[in-house]
Amino acid sequence: MNSTLYSRWIDGAPGPNEPDYCLGMPLPGGLAERMIIHEESAVSAPASMSDEEASTLPIAALTAWYSLMDVGHLEPGQTVLVQGTGGVSIFAAQIAVAYGARVIVTSSKDENLAKVKAVIGSADVEGINYKTYPDWEHKVLELTNGLGADITIDVAGGNGINQSVAATKVQGVIAQVGFLTGQTTALNLMPVIFRQTTIRGIAVAPRSSFERMNVFLDRHKIKPVIDRVYGFDEAAQAFEHLSRGPFGKVVIKIASV
Ligand SMILES: NC(=O)c1ccc[n+]([C@@H]2O[C@H](COP(=O)([O-])OP(=O)(O)OC[C@H]3O[C@@H](n4cnc5c(N)ncnc54)[C@H](OP(=O)(O)O)[C@@H]3O)[C@@H](O)[C@H]2O)c1
């Protein structure tokens, strides 16, 4: 089974107090040998996944899925832009390519861009090193005939949101997921207005979206990309790894009790 993060958000639009029932904050978190959760807060994990693999789904994968499908209404043939090669972005790239979209991935490391292509398939993925090309939005425009991506998953936050606006097509969608570089931003409004950009805040997803995602992951045999599995007694090292920036996901394995 998988637990849902927003433990009372079942379907449709969220209520105003969903964050009050979020596992980990303020409710107790999931790094536990035993958890008691309400039956309404559980979904069946994909049959094709091990427990370690399924443990990566409730936040990173579901956020990517909801951003692409429920918010972005992704269509085959469209272009999706993802930032970096962490958990959310790799899942978004895997899901988008399985759905027939093309993906542009940015990363600080050429080796990570090569790894993404190896994992997902180089025919559907293009990479941009955002250290080599700090003005990476121009590269995105070059790769999309000047149009920009249909959907951008912004995990970086901060003032880079202005680059995401430039890299996203007119009337495109930016799923504002993360804040790796900052929780505040100086947003330049005129490009947002002229490009008629939708910037949509994302806070994971309802259970119904999780159920749809798991069917899709099973059908397409999508396997989570796990950088490393740590033991329960190595939790601190796992969180250090996470703060360094993993390739895909970091897992903490809890021995069967
Ligand atoms: N709103 C929500 O529902 C929700 C859900 C999940 C996560 N989040 C948030 O989303 C963010 C990403 O989560 P995650 O789990 O994917 O993180 P993660 O696995 O720790 O990913 C970190 C990766 O992001 C990339 N990165 C770092 N700074 C970047 C920058 N300035 N520009 C582009 N890429 C950059 C790096 O990739 P390279 O090493 O390849 O450069 C790094 O490896 C976090 O802020 C997290 O808190 C929000």
Side-chain angles (χ1 to χ4, degrees), residues 1-46 49-72 82-84 86-95 151 153-157 174-180 183 200-218 222-227 229-230 232 235 238-239 241-243 245-246 248-254:
M1 298 298 285
N2 274 131
S3 56
T4 54
L5 184 75
Y6 284 89
S7 60
R8 294 198 182 182
W9 187 12
I10 305 297
D11 194 16
N17 59 350
E18 299 306 347
D20 295 347
Y21 304 103
C22 178
L23 295 192
M25 188 182 70
L27 301 183
L31 183 60
E33 291 173 318
R34 294 175 193 270
M35 287 172 72
I36 298 173
I37 55 172
H38 194 280
E39 62 184 322
E40 294 282 326
S41 314
V43 300
S44 297
M49 289 190 194
S50 66
D51 285 349
E52 286 81 38
E53 289 167 339
S55 73
T56 66
L57 302 178
I59 306 182
L62 184 54
T63 298
W65 168 267
Y66 187 69
S67 299
L68 293 173
M69 300 301 182
D70 296 81
V71 172
V82 301
Q83 297 179 320
V88 173
S89 298
I90 297 269
F91 272 121
Q94 290 177 291
I95 291 166
I151 304 171
I153 312 261
D154 191 311
V155 297
I174 298 175
Q176 191 59 50
V177 165
F179 37 85
L180 290 166
Q183 294 183 18
R200 166 69 189 266
I202 303 290
V204 196
R207 194 190 75 195
S208 59
S209 188
F210 204 161
E211 289 162 343
R212 288 192 294 276
M213 176 182 78
N214 284 353
V215 171
F216 181 88
L217 296 177
D218 250 345
I222 292 175
K223 289 285 189 180
V225 174
I226 296 174
D227 196 338
V229 179
Y230 289 86
F232 193 49
F239 282 109
H241 188 159
L242 188 64
S243 66
K249 292 295 297 179
V250 170
V251 170
I252 300 172
K253 184 175 168 64
I254 297 172

Minimal heavy-atom distance between V204 and P58, with the atoms involved, is CG1-O, 3.4 Å
With side chains defined as the heavy atoms from C-beta onward, is the minimum distance between F239 and I252 less than 4.5 Å?
-> yes
One should read off an interatomic distance between I151 CD1 and I174 CD1, to the nearest 0.5 angstrom, of 11.5 Å
Just so I know, are the side chains of V43 and L57 near enough to count as touching, which here means a heavy-atom distance under 4.5 Å? no
inquiry  = The test is side-chain contact (heavy atoms from CB on, under 4.5 Å); show your working for V225 and F91 and say whether it passes.
reply    = CA-CA 8 Å; V225 174; F91 272 121; over 6 Å; no
Is I59 close to V88 at the side-chain level, that is, under 4.5 Å between some pair of heavy atoms? no
Test your reading of the model: is there a side-chain donor-acceptor pair from S41 to the backbone of S3, 3.5 Å cut-off?
no
Item to check | Sidechain-backbone polar pair: Q176 side chain, G178 backbone, donor-acceptor under 3.5 Å | outcome: yes
Residue pairs passing the salt bridge (Lys or Arg N to Asp or Glu O under 4.0 Å) test with at least one member in residues 49-58, sequence neighbours excluded, are E52-K253, E53-K223
Side chains of P206 and Y6: does their closest heavy-atom pair fall under 4.5 Å? no
Tightest non-hydrogen contact, residues D11 and S208, listed as OD1-OG, 2.7 Å
Between G30 and I254, the two heavy atoms sitting closest are O-CD1, 4.4 Å
In terms of heavy-atom contacts, P26 and P19 come closest through CD-O, 3.2 Å
From the list W9, W65, Y66, side-chain hydrogen bond (donor to acceptor under 3.5 Å, both in side chains) partner of S209 resolves to W65
Closest non-hydrogen atoms of L31 and A235, given as atom of the first, atom of the second and distance, are CD2-CB, 4.0 Å
Output for pair (I202 CD1, I153 CD1), nearest 0.5 Å, gives 7.5 Å
d(S44 OG, E211 CD) to nearest 0.5 Å is 8.0 Å
inquiry  = Under a 3.5 Å distance rule, please check whether R207 uses its side chain to pair with a backbone N or O of T4 as donor and acceptor.
reply    = no
Does the side chain of M69 reach to within under 4.5 Å of the side chain of I95, using non-hydrogen atoms? yes
key: Side-chain heavy atoms of Q94 within contact of I90, under 4.5 Å   = yes
**Prompt:** Do the non-hydrogen side-chain atoms of P246 and I226 ever get within less than 4.5 Å of each other?
**Reply:** no
Closest non-hydrogen contact found for A60 with G87 is CB-C, 3.9 Å
One should read off an interatomic distance between I10 CD1 and E18 CD, to the nearest 0.5 angstrom, of 8.5 Å
Applying salt bridge (Lys or Arg N to Asp or Glu O under 4.0 Å) to D70 and not counting sequence neighbours gives R212
Flag the pair N214 / N2 as yes when at least one side-chain heavy-atom distance between them is below 4.5 Å, and no otherwise. yes
